[in-house]
Peer 1: 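I am attaching a structure below and will ask some questions about it afterwards.
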Amino acid sequence: HPFLETREEIRHQQERINADPAVFDEYEELVRACVELCQRAGSIPVFVIPPGNLPQELSLSPREYFKGSAQEHRAPDYGEMCQVVNHTRDLSAERIFRVQKEMNFTVVDARRAFEGLDYTARQALFYDEMHPSAAGNQRLAEFICQQFPAPDATPRKL
């Protein structure tokens with residue numbers, strides 16, 4: 001994405017976004033409006049929280065996590081940028097869950113599809129920090145499908 005400038009600039013932009021509660025207040029209102037629009041149209045709203053290559057339970061520093069990978073050489077702050085972008089996703093997810101409690105709609109937390117995987121396994125499932133490979137998209141699709149009962153099955157809580 002050449003229009004995004006450098007990863008360092010992205011990181012700084014995302015840090016500003018993450019620090020501004022008004023951005024997430026507006027996001028929450030957009031989620032609410034989307035749910036209302038779907039419900040008025042007789043549709044069932046479903047929100048999917050996307051995964052990221054950096055694990056939630058990151059125990060290594062971001063630089064150590066990417067050491068020796070192609071990402072290490074693309075930008076010195078690649079790991080920090082990934083961490084900040086994932087934090088933006090997590091702050092957005094908090095707002096989705098807040099609206100879900102009020103409006104009762106389905107949220108599929110696709111971050112769970114990649115829990116417990118080590119670095120090597122994650123690398124096989126992602127092109128980079130956010131974009132799943134073909135294998136990653138397959139895993140994601142299977143996970144999402146598992147969240148919904150078959151038409152003849154008893155509904156279950158997601």
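Predicted model, so just to flag it, every value in this text is computed and none were measured. Reckoned from all heavy atoms, side chains included, excluding hydrogens, waters and symmetry mates.
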Peer 1: Roughly how far, to the nearest 0.5 Å, is CD of Gln138 from CZ of Phe143?
Peer 2: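 Output value for this atom pair is 14.5 Å.
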Peer 1: Evaluate the side-chain contact (heavy atoms from CB on, under 4.5 Å) criterion for residues Val85 and Arg89: first the C-alpha distance (whole Å), next the side-chain angles of each, then the deciding distance (0.1 Å), finally the verdict.
Peer 2: CA-CA 6 Å; Val85 170; Arg89 185 223 31 236; 6.0 Å; no
Peer 1: About how many Å separate CD1 of Ile144 and CZ of Arg139, when rounded to the nearest 0.5 Å?
Peer 2: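 It comes to 12.5 Å.
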Peer 1: How many angstroms lie between CE in Met103 and CZ in Arg32, if you round to the nearest 0.5 Å?
Peer 2: 6.5 Å
Peer 1: Holding to side-chain hydrogen bond (donor to acceptor under 3.5 Å, both in side chains), I want the full list of residues that pass it with Thr88, two or more places apart in sequence or in another chain.
Peer 2: Gln14, Asn18
Peer 1: Work out which heavy atom in Gly136 is nearest to a heavy atom in Pro132; give both atom names and the distance.
Peer 2: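 Residues Gly136 and Pro132, closest heavy atoms: C-CB, 3.8 Å.
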Peer 1: Where do Pro50 and Ala110 come nearest, in terms of heavy atoms and distance?
Peer 2: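 Heavy atoms only, the tightest pair is CA-CB, 4.5 Å.
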Peer 1: Could you grab the distance from atom CD of Gln100 to atom CD of Glu102, nearest 0.5 Å is fine?
Peer 2: 11.0 Å
Peer 1: Check the pair Phe97 / Ile49 against side-chain contact (heavy atoms from CB on, under 4.5 Å), numbers first and verdict last.
Peer 2: CA-CA 10 Å; Phe97 286 124; Ile49 298 170; 3.5 Å; yes
Peer 1: With distance as the sole test, does Thr106 use its side chain to make a donor-acceptor pair with the main-chain N or O of Phe47 at under 3.5 Å?
Peer 2: no
Peer 1: Less than 4.5 Å apart, side chain to side chain, heavy atoms only: is that true for Tyr27 and Ile17?
Peer 2: no
Peer 1: List the steps and the verdict of side-chain contact (heavy atoms from CB on, under 4.5 Å) for Glu28 and Val31.
Peer 2: CA-CA 5 Å; Glu28 186 174 323; Val31 170; 5.6 Å; no
Peer 1: Tell me if the CD atom of Glu26 is crowded by more than 12 foreign heavy atoms within 6.0 Å.
Peer 2: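 At most 12 heavy atoms, drawn from other residues, nucleotides or ligands, come within 6.0 Å of this atom.
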Peer 1: Using every non-hydrogen atom in the two residues, find where Ser133 and Ala124 come nearest and quote the distance to one decimal.
Peer 2: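 Closest pair (atom of Ser133, atom of Ala124, distance): OG-O, 3.1 Å.
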Peer 1: How about Gln147 and Arg112: do any of their side-chain heavy atoms sit closer than 4.5 Å?
Peer 2: yes
Peer 1: Report the distance from atom CG of Leu37 to atom CG of Leu30, rounding to the nearest 0.5 Å.
Peer 2: 12.0 Å
Peer 1: Taking C-beta and beyond as the side chain, do Val84 and His12 meet within less than 4.5 Å on heavy atoms?
Peer 2: no
Peer 1: What's the separation between atom CZ in Arg11 and atom CZ in Arg16, rounded to the nearest 0.5 Å?
Peer 2: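 Between Arg11 CZ and Arg16 CZ, I get 10.5 Å after rounding to 0.5 Å.
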Peer 1: For the ring pair Phe114 and Phe126, is the centre-to-centre distance below 6.0 Å?
Peer 2: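 Here the rings of Phe126 and Phe114 have centres that are less than 6.0 Å from each other.
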Peer 1: Under the side-chain contact (heavy atoms from CB on, under 4.5 Å) criterion, do Arg111 and Asp90 qualify, and how do the steps go?
Peer 2: CA-CA 10 Å; Arg111 295 174 293 186; Asp90 296 341; 2.6 Å; yes
